[in-house]
Each structure stands twice: as C-alpha cells, then as structure tokens.
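Residue numbers run from 1 in the order of the sequence given. Numbering of ligands and ligand atoms starts at 1, following listing order. In this text the structure is predicted, and so the values were computed from the model without any measurement.
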Amino acid sequence: MMNYAGQMLRDEALANKVVVVTGGGSGLGKSMTRYFLQLGAKVAITSRNLDKLEGTAQELSEETGGTCLPLACDVRHVDQVESMHQQVLDTFGKVDILINNAAGNFIAPTERLSSNAFDTILDIVLKGTKNCTLTFGKHWIKTKQKNTTVLNIVTTYAFTGSGYVVPSACAKAGVLAMTRSLAVEWAKYGMRFNAIAPGPFPTKGAWDRLLPAPIKKKFDPKKRIPLGRVGDHQELANLAAYMISDFGAYLNGEVITLDGGEWLKGAGQFNNLEQVTNTMWNVLELAIRRKK
Ligand code: HXC
Ligand code: NAP
C-alpha cells in the first residue's frame, strides 16, 4: 500500500550517481543514504566517528546490496575535507552530489555560551558547509563536470530565527544564504543548489540535545504541529532523492520546508484559537454579532 512512509521514486532514479553525505552515519543522513543506495547510487558517508560510519556502511550495504564507503572527516578542517574528497574520487572516479547534512547543536540560554561554544556550532554548520562546498565546487569547475548538485539540510529557524539555539540559527541562516547565492552564481557551471528545512524528525542526535528527558513531555513537538505528528524519515529521504535526482533538474535556489505546518502555526497571530471549544464559539459569535 502506498503511504507517506513508502518509497517514492522509480528504482533506478539515482543509478550511476555518486553521492557524499556528511554526517551520514546516523539520523537523517543515514536514512537518506539508505534510500539513495536503494535507488542505485554509490554513497560515501563521512563524519568524525569512523567506527560508527563503518557499522552503518556495513548495515546499509547488506540491507540494500549497494556500495557505501565510510570515511572519517571532521568538516571543520578543510585539509580533512580535501582528503575525503580525494578518497571519494580515488574510489569512485567522480562525485556528482554533495549533501551538507553534518551539524552540531544544543539548547542553551545564549548568555550561558562561551565564545568557543558559539564558535563550535558556527564551525561545524556554516564553515563545515563552506569547506565542503568550496572543495567540491572548485573541482567541478576545474574538471568542467556538469549536472552536479548540492543539497543543504537547514532548519525552519534559518528564516525565522529562534531563541535558545542562537548559534545554530545564525549558522543555518548563513547556509541558506550560501544556497541561494551559489544557485545563481554557479548555475553557469552546471551546478544546482537547494535546501530542505525539516521540522521535527525523531533522531537520537537531535532529541538528546534539543529535547532532553526532563522537558520532553512539556515540549512535545507533536503539540505544535498542525498535522499532529512528527516527520517520518522516509518522507525526508523521498524529498531529498527527488531534489538531487535528474527529475529535479529545474529546481535551483529553493528551500523546501517539510514540517507539517509547524513554523507557520507559531507565526499566525490567531492560530492559538484552536483551543476555543465549539460551545465557546457559540458564546463568542453571539457576543461579536451584538457589537454593531
Ligand atoms: C553550554 C556547551 C554545551 C551545553 C557543549 N558546550 N555543550 N555549552 N551548554 N549544553 C560548550 C563546551 O563547554 C565547549 O566550550 C564548546 O561548547 C565545545 O564543546 P565540545 O564538547 O568540546 O565540542 P565537540 O566535542 O566538538 O562537540 C560538539 C557539540 C556536540 C556540538 C558540542 O553536541 C556534538 O558533537 N554534536 C554533534 C551532533 C549534533 O549536535 N546533532 C544534533 C543536530 S540537530 P568551552 O568554552 O568549555 O571550551 C540540529 C537540528 C535542530 O541541528 C532542529 C530541530 C527541530
Ligand atoms: P545527528 O544524527 O546528530 O546528525 C548529525 C551528524 O553530523 C552526525 O552523524 C555527526 O556524526 C555529524 N557531525 C557532527 N559534527 C561533525 C563534524 N565536525 N564533522 C563531520 N560530521 C559531524 O542528527 P540529525 O537529526 O540526523 O541531523 C541531521 C541534519 O538534519 C542536521 O543538519 C540537522 O541540523 C538537520 N535537522 C534535523 C532535524 C531533526 O528534527 N532531526 C530538524 C531540522 C534540521 P559524528 O558525531 O560521527 O561526527
């Protein structure tokens, strides 16, 4: 049966594509990688923890029959990014698609952050994305390889801003600006740049740092979402696969929000009137109609 947790694209949609997914050993990066492998891509997954990457690569290769290459790379260090890029070229002969998915984040009142804490998030999210994008992009320009694409995973507070995750909000806003800027500047080299802004998708990495046990019940994300549920990983994988595939060839400079309506609910002035019951509406309507 077809539903939102089903696979959307035809089986060979990413055949002959080589994809690099930063932060691909866990969470959403792992779920995207699984689907890209199922669609015929070869995928390199990279992050700091090689043991974790090797476990994921083995699990996903066995599950999908695809080729998954684990590579240690801290995106904060451009020398490590360049060496990771070279290893992908040595192994697969080319790379077509970069997914900037690696991130660091935690909730904290901003006045509690040291300068280094703020920098750490900027370094992983904004500078890490810059390190990968510049390395891959310059190579594509130099080799005149066309039909390449970069997909950046941002957040909805990249455009609204948000308290208590201020370094992440600043960094993701920068990544969004990079996405839109290069979508125009580097289109002439045959590159497309797009972004996804996910709402809450349960992952250990995000939940441990953004929804720790003591506040989990009170701040249940489901309560904020008009559609009444969190996202399913396959929904995000489906969107990502479409955006990087040749079916998405005309999509450039776009950020697609996948959040069940969450951020708009927070923005609309009267949206909290959903708490008013039908009986109460009867009383309110009479009172309002009486005011001539
Ligand atoms: C205040 C903190 C802190 C906290 C760390 N620091 N945690 N400050 N409150 N809870 C400070 C440290 O004291 C240190 O500053 C500085 O931050 C760097 O910390 P390290 O532990 O040395 O850094 P590092 O080992 O590089 O780890 C980076 C990390 C960690 C970001 C702190 O959490 C991490 O590895 N995260 C990766 C995975 C992740 O975050 N995934 C979630 C993505 S979710 P000082 O001054 O003491 O040296 C996401 C989406 C959000 O992005 C949207 C959801 C809807
Ligand atoms: P996650 O599993 O913690 O993913 C983050 C990944 O980044 C990890 O695999 C981590 O691996 C890697 N990473 C962290 N620092 C790195 C560094 N310096 N160099 C290289 N890799 C590094 O969390 P997730 O929820 O799947 O997040 C994935 C993406 O989705 C992030 O961009 C996040 O901002 C975005 N997002 C998630 C949600 C959500 O609800 N889950 C919502 C909005 C946006 P190592 O620890 O091995 O390095």
Side-chain angles (χ1 to χ4, degrees), residues 20-34 44-57 70-78 80-81 84 99-132 151-160 162 164-173 175-176 179 195-212 219 221-222 224-225 230-233 235-237 239-240 255-260 262-263 266:
V20 170
V21 181
T22 69
S26 62
L28 296 176
K30 179 176 173 181
S31 298
M32 287 189 280
T33 299
R34 176 185 290 108
I45 54 175
T46 78
S47 78
R48 297 165 300 178
N49 182 340
L50 186 58
D51 282 351
K52 182 176 77 177
L53 293 168
E54 285 174 345
T56 297
L71 293 172
C73 168
D74 186 327
V75 290
R76 290 174 283 196
H77 303 293
V78 72
Q80 290 188 32
V81 170
M84 172 271 281
I99 316 281
N100 285 307
N101 166 78
N105 197 6
F106 52 80
I107 47 169
T110 308
E111 66 274 21
R112 286 183 176 232
L113 296 175
S114 67
S115 181
N116 183 47
F118 208 120
D119 281 351
T120 299
I121 304 303
L122 292 180
D123 286 349
I124 301 170
V125 176
L126 181 54
K127 289 171 84 175
T129 300
K130 176 273 293 179
N131 286 336
C132 294
L151 177 64
N152 294 326
I153 308 301
V154 295
T155 56
T156 52
Y157 57 66
F159 32 92
T160 63
S162 175
Y164 304 96
V165 283
V166 170
S168 173
C170 296
K172 295 285 193 183
V175 172
L176 184 54
T179 310
I196 297 177
F201 284 73
T203 66
K204 186 168 171 13
W207 258 229
D208 283 355
R209 294 172 178 88
L210 303 168
L211 208 62
F219 295 97
K222 280 204 274 299
R224 287 199 316 270
I225 301 170
V230 293
D232 184 281
H233 283 213
E235 293 179 281
L236 188 125
L239 177 62
V255 53
I256 299 184
T257 298
L258 194 67
D259 75 342
E262 182 193 35
W263 85 265

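No side-chain donor from either of T156 and D259 sits under 3.5 Å from a side-chain acceptor of the other.
The protein heavy-atom contact nearest to atom 15 (O) of ligand 1 is S114 OG, 3.4 Å. Protein heavy atom in closest approach to atom 28 (C) of ligand 1: T120 CG2, 3.9 Å. The shortest contact between atom 43 (C) of ligand 1 and any protein heavy atom is with N105 CB, 4.2 Å. Considering only non-hydrogen protein atoms, atom 8 (C) of ligand 2 sits nearest to S26 OG, 3.4 Å. If you check which protein heavy atom lies closest to atom 1 (C) of ligand 1, you get F106 CE1, 3.6 Å. Ranking the protein heavy atoms by distance from atom 14 (C) of ligand 1 puts N116 ND2, 3.8 Å first. Looking at atom 54 (C) of ligand 1, its nearest protein heavy atom turns out to be L210 CD1, 3.6 Å. Taking atom 30 (C) of ligand 1 as the reference point, the nearest protein heavy-atom neighbour is R209 NE, 3.9 Å.
Backbone and side-chain nitrogen or oxygen atoms of P200 are examined, and none is located within less than 3.5 angstrom of a nitrogen or oxygen of ligand 2. Between N49 and ligand 2, at least one N/O pair is under 3.5 Å apart. In terms of polar-atom proximity, A103 is counted as a contact of ligand 2, with an N or O under 3.5 Å from an N or O of the ligand. Ligand 2 has an N or O atom lying under 3.5 Å from an N or O atom of F201, backbone or side chain.
Near R76, meaning under 4.0 Å from any of its heavy atoms, are these atoms of ligand 1: 26 (O). Close approach of ligand 2 to V154 (heavy-atom distance below 4.0 Å) involves ligand atoms 43 (C), 44 (C). Atom numbering of ligand 1 starts at 1 in the shown order; those under 4.0 Å from a heavy atom of I121 are 31 (C). Those atoms of ligand 1 that come under 4.0 Å of a heavy atom in R48, given as number and element, are 26 (O), 27 (O), 34 (C), 35 (O), 37 (C).
Distances from ligand 1 to the non-hydrogen atoms of D208 include no value under 4.0 Å. Ligand 2 lies nowhere less than 4.0 angstrom from a heavy atom belonging to K204. Ligand 1 is approached by Y157 to a heavy-atom distance shorter than 4.0 Å.
Contact annotation for atom 46 (O) of ligand 1: protein present (non-hydrogen atoms, distance under 4.0 Å). Shown here, atom 32 (O) of ligand 2 is in close reach of the protein: a heavy atom of it lies under 4.0 Å off.
No option in V20, T56, I99 other than T56 meets the side chain to side chain contact (heavy atoms under 4.5 Å, CB included) test with I45.
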- For V165 and L210, run side-chain contact (heavy atoms from CB on, under 4.5 Å): C-alpha distance rounded to whole Å, both residues' side-chain angles, the deciding distance at 0.1 Å, then the answer. CA-CA 9 Å; V165 283; L210 303 168; 4.0 Å; yes

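For V125, no heavy-atom contact with ligand 1 is shorter than 4.0 Å. By the criterion of a heavy-atom distance under 4.0 Å, neither the backbone nor the side chain of K204 is placed next to ligand 1. With a 4.0 Å heavy-atom cut-off, ligand 1 is reached by no atom of V165.
By heavy-atom distance, the residue among S47, G23, A103, P200 lying nearest atom 37 (C) of ligand 1 is A103. Nearest-residue assignment for atom 17 (O) of ligand 1 (options A169, A206, A117, G27; heavy-atom criterion): A117. Atom 11 (O) of ligand 2 has its nearest heavy-atom neighbour, among M84, H233, K52, R48, in K52.
Nearest heavy-atom pair, S162 versus A169, reported as atom, atom and distance to 0.1 Å: N-CB, 4.0 Å.
Residues forming a side chain to side chain contact (heavy atoms under 4.5 Å, CB included) with R48 (at least two apart in sequence, or on another chain): D74, R76.
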